[in-house]
Amino acid sequence: MAKRIREKAEMRQTNADKRPSATAKYVRISPDKVRIVLDIIRGKKYAEALAILKFTRKAACEPVIKVLNSAAANAENNLNMAKSDLYVAECFANAGPILKRIRARAKGSAARINKRTSHITIVLDEAK
């Protein structure tokens, strides 16, 4: 059992993801709202995804554009890839910590307000 775990760990290390990626953490927007935008651009070419995001009227587009541009810059500067060959291979938004706030209600009671945060990750890849 331990040998198999060691082998899997070594395989993961040798096949470490060499694709360019970028992550924005603790973005103050709900992950559900970000996922709607990410579903639109998944699988699209870099330039097409950027154009879609610029003309989509969603609050989540602004941080997603920043992450997309950062991933493209990582590809260009660190891995010598051309932006014209890139496409969005993976994109996902995980839930970050929730800021819990209280709102006063009638008769001395209180209501919970959850201010959700997101960790947005975009992985690009070269089109074959």
Side-chain angles (χ1 to χ4, degrees):
M1 181 76 178
K3 183 180 178 190
R4 179 72 180 134
I5 292 172
R6 249 192 328 274
E7 288 173 358
K8 285 175 89 173
E10 289 172 10
M11 286 297 292
R12 265 197 306 275
Q13 203 168 25
T14 56
N15 296 336
D17 209 1
K18 293 178 178 64
R19 299 179 295 178
S21 67
T23 303
K25 293 192 169 200
Y26 307 105
V27 178
R28 249 299 284 124
I29 190 163
S30 167
D32 295 328
K33 293 177 183 178
V34 177
R35 285 183 194 120
I36 292 169
V37 174
L38 292 177
D39 288 342
I40 298 171
I41 64 165
R42 189 174 288 114
K44 303 272 195 293
K45 287 188 167 273
Y46 166 74
E48 186 182 351
L50 201 58
I52 289 169
L53 289 172
K54 282 187 179 171
F55 295 105
T56 301
R57 295 186 53 177
K58 291 279 188 187
C61 285
E62 188 179 336
V64 171
I65 287 173
K66 280 187 169 185
V67 177
L68 184 63
N69 285 332
S70 179
N74 289 342
E76 207 171 31
N77 295 322
N78 301 342
L79 302 170
N80 298 322
M81 296 178 175
K83 283 185 180 178
S84 58
D85 298 338
L86 298 174
Y87 75 97
V88 180
E90 291 178 41
C91 54
F92 50 91
N94 296 328
I98 299 171
L99 305 173
K100 295 175 176 118
R101 301 293 181 258
I102 302 248
R103 182 181 182 102
R105 304 308 290 169
K107 298 181 181 178
S109 62
R112 169 67 62 78
I113 297 175
N114 291 329
K115 296 179 178 259
R116 299 181 186 278
T117 60
S118 307
H119 301 316
I120 305 168
T121 303
I122 295 180
V123 179
L124 300 177
D125 202 2
E126 272 187 316
K128 303 283 190 252

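Remember, predicted model here, so these are calculated numbers, not experimental data.
Transitive grouping of hydrophobic side chains (ILVMFWY, heavy atoms separated by less than 4.5 Å) keeps Leu79 and Val123 in distinct clusters. In this structure, Phe92 is not a member of the same hydrophobic cluster as Leu68, with clusters built from ILVMFWY side-chain heavy atoms closer than 4.5 Å. Cluster membership check: Met81 shares its hydrophobic cluster with Leu50, using side-chain heavy-atom separations under 4.5 Å among Ile, Leu, Val, Met, Phe, Trp and Tyr.
The CD1 atom of Ile41 lies 5.0 Å from the SG atom of Cys91; values are rounded to the nearest 0.5 Å. Atom CG of residue Leu99 and atom CG of residue Asn114 lie 9.5 Å apart, to the nearest 0.5 angstrom.
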When you look at Val67 and Thr23, which way does the side-chain contact (heavy atoms from CB on, under 4.5 Å) test go after all the steps?
-> CA-CA 6 Å; Val67 177; Thr23 303; over 6 Å; no
Give the intermediate values and the outcome of side-chain contact (heavy atoms from CB on, under 4.5 Å) for residues Val27 and Val34.
-> CA-CA 10 Å; Val27 178; Val34 177; 5.8 Å; no
Could you check Ile98 against Thr117 for side-chain contact (heavy atoms from CB on, under 4.5 Å), going step by step and ending with a plain yes or no?
-> CA-CA 6 Å; Ile98 299 171; Thr117 60; over 6 Å; no
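In this structure Arg57 satisfies the side chain to side chain contact (heavy atoms under 4.5 Å, CB included) test with no other residue, sequence neighbours excluded. For the salt bridge (Lys or Arg N to Asp or Glu O under 4.0 Å) test, residues two or more places apart in sequence or in another chain that qualify with Arg4 are Glu7. With sequence neighbours excluded, no residue forms a side chain to side chain contact (heavy atoms under 4.5 Å, CB included) with Phe55. With sequence neighbours excluded, the residues forming a side chain to side chain contact (heavy atoms under 4.5 Å, CB included) with Lys58 are Ile36, Val37, Thr56, Cys61, listed by chain and number.
Identified under the salt bridge (Lys or Arg N to Asp or Glu O under 4.0 Å) test for residues 34-54, with sequence neighbours left out: Asp32-Arg35, Asp39-Arg42. Residue pairs meeting the ring-ring contact (aromatic ring centres under 6.0 Å, His included) criterion with at least one member in residues 95-114: none, sequence neighbours excluded. Here side-chain hydrogen bond (donor to acceptor under 3.5 Å, both in side chains) pairs that include residues 63-92, with residues two or more places apart or in two chains, are Arg19-Glu90, Tyr46-Asn69. Within the structure, ring-ring contact (aromatic ring centres under 6.0 Å, His included) contacts touching residues 104-128 (residues at least two apart or in different chains) are Tyr26-His119. Residue pairs that meet the salt bridge (Lys or Arg N to Asp or Glu O under 4.0 Å) test with at least one member in residues 99-115, sequence neighbours left out, do not exist here.
When all heavy atoms are compared, the tightest approach of Ala71 to Pro20 is O-CB, 3.8 Å. Shown here for Ala95 and Pro31, the closest heavy-atom pair between the two residues is CA-CG, 3.8 Å. Nearest heavy atoms, Ala89 versus Asp125: CB-CB, 3.8 Å.
In this structure, Ile102 stands alone, with no Ile, Leu, Val, Met, Phe, Trp or Tyr side-chain heavy atom under 4.5 Å from its own, directly or through other members.
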